[in-house]
Structure formats: structure tokens, C-alpha cells
Amino acid sequence: MKVGIIAPVSMLDEYCTTNIQYCLPKLLVENERYRDFYKKRKKQKNIIIIDSRRVGTWKREPEEYSIIVKALDILRPDYFILPSWMFNQKRTIAEVKRFIGNLLPVPNNLVACLEGTNEKEIVMLRKLLSKDLTIKSFALPEHIQTFCKTVECDNSIIYIENHLRVEELNGLDGILITSLPVRLGLQGRLLSDYLPGPPSLTFHENEDRFPKVIERNIKELLEYYEVQKGE
């Protein structure tokens with residue numbers, strides 16, 4: 001499993017140290033520090049993933065179309081995760097078709113985020129997207145992983161966050177992008193101290209009171225998945 005770390009804007013340089021980088025459109029468009037960090041990482045040949053989700057809400061829902069277009073003009077990603085609606089299979093496929101039909105040029109390496117209320121809906125959505133839109137890469141968000149951890153895929157799955165524990169995705173292959181070691185560390189907690197679940201990032205956290213804890217959490221996470229830290 002390859003790993004990318006999600007961190008607040010003020011802590012990107014300290015903690016986003018692998019060669020997998022994950023970013024959100026609104027922050028790319030509106031925050032110069034955030035934008036400059038990922039543009040620098042792109043020049044360093046890091047793998048850039050842009051996710052079309054809206055920032056500032058715990059629900060997974062699409063960012064505004066105009067903001068996504070601006071973000072893709074700023075930074076051409078290696079992977080672009082298409083819009084989706086949390087747990088809603090029908091609304092997700094309609095949104096994906098609308099988005100691809102309106103966006104020109106369409107980015108390379110499109111990744112469909114799979115949604116549904118059960119594994120049957122997830123598998124059905126994957127088949128529909130593969131057949132109708134020839135999409136070959138897929139992402140499984142945190143709320144889906146509890147009942148569906150893998151699907152048939154020509155390329156590796158992208159796992160968007162993990163719920164509480166590093167071990168949840170043990171034995172699987174693909175890319176994990178996660179803020180868990182940072183979110184726990186901001187509260188002074190280690191990966192083993194995961195209950196209750198830490199709050200979501202706002203991306204605007206500035207107080208880093210426990211840097212050694214966060215560094216230890218990230219080190220343990222990368223060692224667990226046998227990922228080497230590197231610039």
C-alpha cells in the first residue's frame with residue numbers, strides 16, 4: 001500500500017513527506033500557501049491526486065463546478081477523483097456523467113468514487129461506470145470501507161481516509177490517503193489510542209502542540225504499510 005498524508009495547510013511541509021499528495025480544489029484556488037506547496041510537489045514528480053469533494057463538511061458531496069475547473073487549470077493531477085454524493089448511487093452516476101459531459105478537456109486518469117448503501121450497489125455502480133464511461137480506476141471513501149473494502153479494478157484502488165485504525169486495510173493493495181495520524185497527534189494521541197474517533201480536519205488548524213507524537217504516528221503508519229519516507 002502506498003500512502004499519502006493529509007495535513008492542515010500550516011503543516012504541509014512537516015507532515016506531507018511521501019511522494020503521494022492529495023489536495024482539494026477550493027483550497028488550491030483560495031489558499032496561496034496550499035497552492036504553492038502542491039505546485040512544488042508536482043515539479044518534484046510527486047503523484048498528485050485532486051479530489052472533487054467539497055471542503056468544510058463531513059459529508060462527501062461535490063465541490064462547485066467552477067471551482068473544480070479553476071483548480072484543474074492551476075494543477076494538472078496524476079489522478080482526478082470524480083464528484084460523488086455520499087451513499088447515493090443514482091445521484092453519483094448522474095453527477096459523473098454530467099461532469100464528464102461538461103468538462104473539456106477531460107483530465108487523464110479519471111477515478112470514480114464509489115457510493116451506495118450496500119456492497120451490491122457498489123459493485124453495480126462500478127460495472128455501470130466501467131461499461132458506459134470506460135472508467136478503470138476507482139476510489140473507496142471512508143464511509144464505504146466498513147462494508148466494501150475492495151472491488152474488481154484494472155488499476156489500484158484509492159482509499160480515501162480510514163475510519164479509526166491503521167489495521168483496517170491490512171492486506172489490501174492500492175493508495176491510502178489519510179489524515180488519521182495527524183488528527184490523533186493534534187490531540188496528543190498515538191495511533192493505538194484511537195477511541196473515541198478524532199474530529200475531522202478543518203485544514204486551518206495552526207497549533208501544533210505535539211509534533212513528536214504526529215511524527216511518531218506517521219512513522220508507524222508508513223512502517224506498517226512498508227512505505228519509505230522520501231521527498
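Start at 1 with the first residue, then count along the sequence.
- Across L169, I177, L221, a single residue satisfies side-chain contact (heavy atoms from CB on, under 4.5 Å) together with N162, and that is L169.
- Every ring-ring contact (aromatic ring centres under 6.0 Å, His included) that F80 has, sequence neighbours left out, goes to F99.
- Residues L195 and L190 are members of separate hydrophobic clusters, defined by side-chain heavy-atom contacts under 4.5 angstrom among Ile, Leu, Val, Met, Phe, Trp and Tyr.
- Nearest heavy-atom pair across L125 and C113 is CD2-O, 4.4 Å.
- The stretch residues 84-109 participates, sequence neighbours left out, in these salt bridge (charged side-chain N to carboxylate O under 4.0 Å, His left out) pairs: E95-R98, K97-D132.
- Taking CG of L186 as the reference point, atom CZ of F210 lies at 9.0 Å (rounded to 0.5 Å).
- Rounding to the nearest 0.5 angstrom, the gap separating the CG atom in D51 from the CG atom in L24 is 6.0 Å.
- Here side-chain hydrogen bond (donor to acceptor under 3.5 Å, both in side chains) pairs that include residues 180-191, with residues two or more places apart or in two chains, are S179-R183, Q187-R189.
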Given side chain to side chain contact (heavy atoms under 4.5 Å, CB included), test N170 with Y224 step by step and report yes or no. CA-CA 9 Å; N170 183 38; Y224 185 85; 3.3 Å; yes
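- Applying the side-chain contact (heavy atoms from CB on, under 4.5 Å) rule to I100 yields the partners L82, V96, V106, L110, L133, I135; only residues at least two apart in sequence or on another chain are considered.
- Taking the salt bridge (charged side-chain N to carboxylate O under 4.0 Å, His left out) definition, one finds that E61 meets it with R54, sequence neighbours left out.
- Among residues two or more places apart in sequence or in another chain, the side chain to side chain donor-acceptor pair (under 3.5 Å) test is passed with E64 by none.
- Between the CD1 atom of I122 and the CE atom of M124 there is a distance of 11.0 Å, given to the nearest 0.5 Å.
- Among residues two or more places apart in sequence or in another chain, the side-chain contact (heavy atoms from CB on, under 4.5 Å) test is passed with D173 by S156.
- Rounded to the nearest 0.5 angstrom, R53 CZ and I68 CD1 are separated by 12.0 Å.
- Hydrophobic clustering of Ile, Leu, Val, Met, Phe, Trp and Tyr side chains at less than 4.5 Å, counting indirect connections, unites I158 with L222.
- Sorted by first and then second residue, the pairs that involve residues 143-159 and meet salt bridge (charged side-chain N to carboxylate O under 4.0 Å, His left out), not counting sequence neighbours, are R126-E152.
- Remark: K219 pairs with E223 by the salt bridge (charged side-chain N to carboxylate O under 4.0 Å, His left out) rule, at least two apart or across chains.
- Salt bridge D13/K40: present, at least one basic N to carboxylate O contact under 4.0 Å.
- Nearest heavy atom pair, residue P107 against residue R76, reads CA-NH2, 4.0 Å.
- In R216, the CZ atom is not crowded: 12 or fewer heavy atoms of neighbouring residues, nucleotides or ligands sit closer than 6.0 Å.
- Atoms CD1 and CG, on I67 and L72 in that order, are 12.0 Å from each other to the nearest 0.5 Å.
- Residues that satisfy the salt bridge (charged side-chain N to carboxylate O under 4.0 Å, His left out) test with K212, not counting sequence neighbours, are E215.
- Counting only residues at least two apart or in different chains, ring-ring contact (aromatic ring centres under 6.0 Å, His included) contacts with residues 123-166 comprise F87-H143.
- In this structure S84 satisfies the side chain to side chain donor-acceptor pair (under 3.5 Å) test together with R60, E115, sequence neighbours excluded.
- Taking CG from D78 and CG from N109, the interatomic distance works out to 7.0 Å, rounded to the nearest 0.5 Å.
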